[in-house]
Structure formats: structure tokens, C-alpha cells
Undergrad: 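Dumping the structure here so I can ask a few things about it.
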Amino acid sequence: MNLYKNEEENIYLQKEIKSWYKSGLICEAQFDKFVEYARPGVKSINHFFEGLLFIFTIIFTAAVVGFTTWKLRLDDELSIGFVFLFFGFAAYFAGEFLVKKYSLYRHGIEEALAISGCYLFCTGAVMLLRKYEIILEPRLYVIISSALASAAAFFLYKRWGYLIMASLSVFALSIIPFQLELPPFHERLLLFVTYALILYINLRAEGPGAPGYLKFNNSVIQACLLFGLYIASNVRLQNLQMPLSEIRNIMLVKYAGMPPAAYWASFAFIFILPAITLFFGLRTKKRAFIDMGAIMAALTICTYKDYLGWTHYVWEPIIFGGILVTVALAAIKWFEKAKDKIRSGYTSESDLKPENYGIDVSVLGVLAKMPAADGSFEGPGGGGGTSGGAGVDRGF
Amino acid sequence: MKISELLEQFNTEKVITPEQYSALTEISENRRFSLHVELQALLYIGVLTIITGIGLTINKYFAQLGHIAIIGSLTALFAGSLWYCFAKCRKGLLLDYILLFACLVYASDIAYIETHFKVLGDFWKNYMLFSSALFAFLAYRFDNRLILSMALTTLAAWFGFKFQDFNVSFREYHRIYAVIYGAMVLAAGIILNKRKIKEHFFDIYLNFGLNFIFIASVSGVFEYKFYSLFFILLAGMVMLTGLYGLHSKSFLYMVYAVLYGYAGISAVLMDFLKGLRSPGVVFYYYIFSSVGILAALLWLSRRFKGTE
């Protein structure tokens, strides 16, 4: 089904080789030699060009659909629905044509055509269903839209290999249980079962001899599904937005509106799931599982007190941050003391360098933590003004 | 072909050395698995969480703790961290995060002092100028890009900016100050780069300077359309940035030039087309302009093929 079935492995291989070259593990001549053997039969492009081509193809598609609707003077849902369906098909098949004719891979244009094609098709289909009064209830409208979006996203993943579409498909599907007017516990249970079922199917579908790119894709999908299971089972996650003070306990709903047995089962599960995910990730050396396990563990630390009705204190982040720093430093020291800085196949050294695009995402995290206050703008220097950076601030 | 087979073949053909073969096989077969990113993330999140906790604790307990205890402990933490950085100035992962911690503690300390004692009164914002200079010094002393970003953000705060101010409706004086700030940052970056002082910091200066100037000029063009200096400024900056991006093969700058340029030109043309009272012309504009840009980008991408 995959459009790039015969090429995905070579593309995956080429990415690996490129990271070796960028990390200085092989020289340019060796890189050329490697690429010669692993050259995929498709044409890819720089990520920045890809992004720009994607944006302008979307603008083009939207303008063409808008122009047609305006030119034909369409103002009823039925006709617009048909136009959307027509352009949905046209855009999608134009994308496929470009891939088959010009062997494009992540070029932006064909991606935008395929994604906008699926979007137009789904929107058009829902418009037609509504027009013919097939959908009578508003919630049914949401259910059908979510199911269509999920199916379209899954199709895009299978056909085009967009990993993000697999997550989008699962996300769209997870909207459905909340539209069935079930009690909260049943909603969560249905969501949990849905994620568990998809996870089971995914695990079964991956054969032992799966190629590297598929193993990687599946590990990301499985880790995301485990995270979905965690979100479905942690009934205290929504309390994270509450203030860290004594009144938090008063605000908490007893058993979070769940049956007590389910509540305590969920309490046990939020400890077991991160532990299993982390353990499995470390054992199989799958990064997606390690990272997702660590995120889940952090969320468990943040929410377990709410389960027990214990008081949160404002100084807890200091302790938590201190533990994170200590663990990281201890691990680094522990690895450094080992021969070749390797222990059981793990190292704290950076073997492969990520690509540098000239922007640093970590900056945003620091800027968000700097003391800030609201106020009016007064220009540089004096005045009672605004702050956004380090230094002083009226509303500390 | 599988990667292990390829490595085996190249080892036999002596394309790679036995040491390379062993290292690459270890990496590709996951026998050597790096936890570098994860450990760095732990340190980074840990430092930010500690600072959040310190801020919350001071906010809640300052009445019980007393000024001396708070200022004393924050100053001690700042001094201790800075002492560590200067004493153990060997570049490393730990040093970077202790420096980050020191800078954030310093910011909290100064904020607390000014909030409660109002030392500089109405001129309190000048602390930011001093903070910016201190961060810039530390960034250069310890070769830290993150701290340089903090320095430039603090300088922007002294100019009166914060994240929420970045919208197209900001007022005239915001634009002028944004242009002045952007020009200053760009000039500093260019001069330091020309003198070969920490050339790897150049990207940070460019990103800060260009975005400030572009946002200011695009917002000016949205308000005054064609008849303003902002349009000339935008046109000039788009040309210079685009050329620089292509010349240096830093395509991020080309993205800035194309997106900001398209937004500005579209605003001007929409204003002209509004007089024609025909939505069809607007659609024609977007259809033909996007096709034109797509063609140009495809031509450029072919020209720069293989330079990624």
C-alpha cells in the first residue's frame, strides 16, 4: 500500500549515513561511497524548501477551491460539498501523480496536495451527509467527522508514510467515546480499550523481519499508544492546573467521580505503566519508549498526591528538580567511570549530532521561566513598564 | 541492502577503517546507545523546575522567611554557582546548566530586591540593561548560546518588549523601538562576526535582529500599506536576507524572506485590489502568486541541490 514501499528502507539508511557524516564518523569520500549504495530512487529536498513549498501549495489549493465556488456562484451546502469532494479527489490524485511521475519524496507540494485532498474530501462528505439530513444529531456529526478524519489520517500514514498522521488518526478516534453520552468512567474505559486494541493490532502486525524504518515507526506509534493508555487511566491529570496549596485538596472531587475500585486500580496503573514502558525501552533500546516512560513517570510524581488526598507544597518543585539534576549527574558520572564510557551498551556521550538549523528551541523554555509582569509600555529606560526578561519586575 | 551488510562490504573493501567499522556497527546495531539527549533534558528540566519552585516558595513564604534570609540565600546561590563556573571553567555539560541556574537565580534575586526595596524607583528598568550586559559577558566568557539568548531577550525587555507585544496591531513606538533594537542586535552580530569573535553566535544575533525588524516592518505595512518607510524597509530587508540566505546556504533566512515578504506584498496588493470590488481578482492574485513562488522555489531548490 505504501507509495514508497521499495524506497523507505534506503531513505532510512541515507538518513543514518547523513547523521554519521554530520557527526564526523565518516569523511566526505566515505559518505559519497555509502550514499552510492543506499541511494533511494526518489528525489527529496531541503526541509526549508519543503516547508515553503507546502505552505504555498496549500495557498494555491485553497485559492482554486475558493475561486471555483465564487465563479460558479455556489452558496448552498450541497453544491459546495460536491465542489469540495471533486477538488478533494483532484488534489489527492494530483499528489499521487507527482510522486509516480517525478518520484517526489517529502517535497512539500505532493504532501500538501495529499493532505488538503483528504481534508477537502472529508469536509465535502460531511457537508453532503448534513444536507441530506443523514446526520440529525449534532453529536453524531462530531462522531462521523472524527471517524472520517481518523480513517483519512490512517490512510495517509499507510499510503504516504507520514508518522504524524498515525498519531492524528488515533487522536481523532479518541474523540468518539466522549460523544456517546456515557458516564465518565465508561468514557475512560472505552478510550482505554480502544487504545489497548490498537496497540495489540500494531504489535501483532509487526513481524520479526520488519525493515528498520518500519520498526522505528512502530516503536513511535506504540509509545504514543502507551501514553494514550496512561492519559485514559490517570484520573487526576486534569488537577495539574490547580494551584499548589492547601485549597487544592478542597477542590478535589472524591475518587474523581470514579467507582472506588477503578480509582485505586488506576492509582496502581499509573505506577506500573511508566515502569513497564521504561523497562521495556531500556531493555530493547528503543528511544521512543524510554522518553515516553520518563514523561509518564514525571506525570505520576506530579499527580500521586492528589490520588491520596495529600497536601502539595510550593517547595516541591525544588525537590523534584533537585532529584532530576542529581539523577542526571549521577548517571553521567557513572558512565564516565566505565571503560570507554559504556555500561551495558549505554553511554552518556553524544555519538550522533543533531542537525543545526540555526535556531535553538531550548531558549523558549528559559524565557518562559524568567520573572515577568504586565504593565504599560514606556519605551527604554525609566517608567513603570513592562518586563519580559531577566532582571527586575514589579509583580514578582 | 541492510546497513550491516553494507558495513561488512565496505570493511572488506577497505573503504572504512576497522575502527570505523566497529564504531558504526555498534551504533547501527544499538550496541552503543547514547542517552546524551535524555540526560541533557533531565538537567535542563531540573534547573527550570528548581527555579520555578524557588519563585513559588519566595512568593508564598516571604513574610515568614524575612528579606535577609531570602536575599541572602538567593545571593549565596548565585555567588556559589558563579564561583563554580569560574573555578571549574572546563567546558562541559554541568557547567552550562550551573551557569543557566546562576543567571536565573540572579534574575529572581534582583527582581525580589527591587520589588521590596525599590532601590532604583522609577528607573528600575535599568536593571535589565545591566542584567543584559552581565548575561552577554557570561555568554562570551563561557561560550554559551543559551545565555546569549537570555542577554538579547533581556535587552529586548529593556526596550519594552515582552512576548505578548508581538502582534501586528502594536503601536507606532513599538515598531520604531523594534527596528532600533533589531538594527542594534544585527550590527553587533555583524561586527563581532567580522572580527571573528565567537562566529557560532552569529545565528542567534541574526534570528533576534531579523525577526524584530521583519515583524515591525510587516505590521507597519499592514497599517500604512504602500506609502510608508516600512514598505521600503521590508523590501530592503527581504532582498538582503534572501540573498544572504542563498549566499550562505542558510535556508532558514530564505524562509524568513519569503514568508515576511509575501505577507507584506499581499497586504499592499490586497489594498489596491480592494478598490476593484471583485473577489475574483483576489483569488487570481493568490493563485498566480503561489504558482509563481512555487516555480521560483523549485528553480532555486534545483540550483542548490546537494548543498544541504
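Chain A is the first sequence line, chain B the second, and so forth, proteins listed ahead of strands; every chain is numbered from 1. Just so it is clear, the values below take in all heavy atoms, side chains as well, and ignore hydrogens, waters and symmetry mates.
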Undergrad: At a heavy-atom distance under 4.5 Å, which candidate from A:Ile17, A:Val327, A:Ile342 has the highest pair count against chain B?
TA: A:Ile342
Undergrad: Grab the two heavy atoms, one from B:Thr49 and one from A:Gly321, that are nearest each other, plus how far apart they are.
TA: CB-CA, 3.9 Å
Undergrad: If I take atom OG1 from residue A:Thr57 and atom CG from residue B:Leu294, how far apart are they, to the nearest 0.5 angstrom?
TA: 4.5 Å
Undergrad: At a heavy-atom separation under 4.5 Å, does A:Phe34 approach chain B through its side chain, its backbone, both, or neither?
TA: both
Undergrad: Is chain B contacted by the side chain of A:Leu52, its backbone, both, or neither, given a heavy-atom distance below 4.5 Å?
TA: both
Undergrad: Report which part of A:Thr326 has an atom under 4.5 Å of a heavy atom belonging to chain B: side chain, backbone, both, or neither.
TA: neither
Undergrad: For A:Tyr346, is it the side chain, the backbone, both, or neither that has a heavy atom closer than 4.5 Å to a heavy atom of chain B?
TA: both
Undergrad: Mind running side-chain contact (heavy atoms from CB on, under 4.5 Å) on A:Ser348 and B:Leu35 for me, showing each step along the way?
TA: CA-CA 5 Å; A:Ser348 62; B:Leu35 289 172; 5.8 Å; no
Undergrad: So do A:Ile109 and B:Leu298 actually touch side chain to side chain, heavy atoms under 4.5 Å?
TA: yes
Undergrad: Give the ring-plane orientation class for B:Tyr284 versus A:Phe67, where under 30° counts as parallel, over 60° as perpendicular and anything between as tilted.
TA: tilted
Undergrad: Can a salt bridge be assigned to the pair B:Arg32 and A:Glu349 using a cut-off of 4.0 Å between side-chain N and carboxylate O?
TA: no
Undergrad: Pick from B:Val47, B:Leu259, B:Thr17, B:Ile180: which one has the most heavy-atom pairs with chain A under 4.5 Å?
TA: B:Leu259
Undergrad: With rounding to the nearest 0.5 angstrom, report the CD1 to CZ distance, B:Ile45 to A:Phe320.
TA: 8.0 Å
Undergrad: Report which part of A:Ile55 has an atom under 4.5 Å of a heavy atom belonging to chain B: side chain, backbone, both, or neither.
TA: side chain
Undergrad: So, taking the atom named CD in B:Glu26 and the one named OG1 in A:Thr347, what distance separates them when rounded to the nearest 0.5 Å?
TA: 10.0 Å
Undergrad: Within a radius of less than 6.0 Å around CD of B:Glu13, do more than 12 heavy atoms belonging to other residues, nucleotides or ligands occur?
TA: yes
Undergrad: Quick one: closest heavy-atom pair of A:Val325 and B:Ile50, and the distance?
TA: CG2-CD1, 4.2 Å
Undergrad: Which label fits A:Phe56 and B:Tyr262: parallel for a plane angle under 30°, tilted from 30 to 60°, or perpendicular past 60°?
TA: perpendicular
Undergrad: Do you know the tightest heavy-atom contact between B:Ile287 and A:Ala63?
TA: CG1-CB, 3.6 Å
Undergrad: Work out which heavy atom in A:Pro317 is nearest to a heavy atom in B:Gly53; give both atom names and the distance.
TA: CB-CA, 3.6 Å
Undergrad: Do A:His47 and B:Phe251 have side-chain heavy atoms sitting under 4.5 Å apart?
TA: no
Undergrad: Are the side chain of A:Gln30 and the backbone N or O of B:Val15 linked by a donor-acceptor pair below 3.5 Å?
TA: yes
Undergrad: Can you give me the closest heavy-atom contact between B:Phe10 and A:Lys33, atom names plus distance?
TA: CZ-O, 3.6 Å
Undergrad: Can you check whether B:Phe33's main-chain N or O pairs, donor with acceptor, with A:Arg287's side chain at less than 3.5 Å?
TA: no
Undergrad: By a 4.5 Å heavy-atom criterion (distance strictly below it), what part of B:Leu129 contacts chain A: side chain, backbone, both, or neither?
TA: neither
Undergrad: At a heavy-atom separation under 4.5 Å, does A:Ile26 approach chain B through its side chain, its backbone, both, or neither?
TA: both
Undergrad: Return the minimal non-hydrogen interatomic distance between B:Gln20 and A:Leu25, and the atom names on each side.
TA: NE2-O, 2.9 Å
Undergrad: What part of A:Ile319 gets closer than 4.5 Å to chain B, counting heavy atoms only: side chain, backbone, both or neither?
TA: neither
Undergrad: Rounded to the nearest 0.5 Å, how far apart are CG of B:Leu6 and CG of A:Leu13?
TA: 6.5 Å
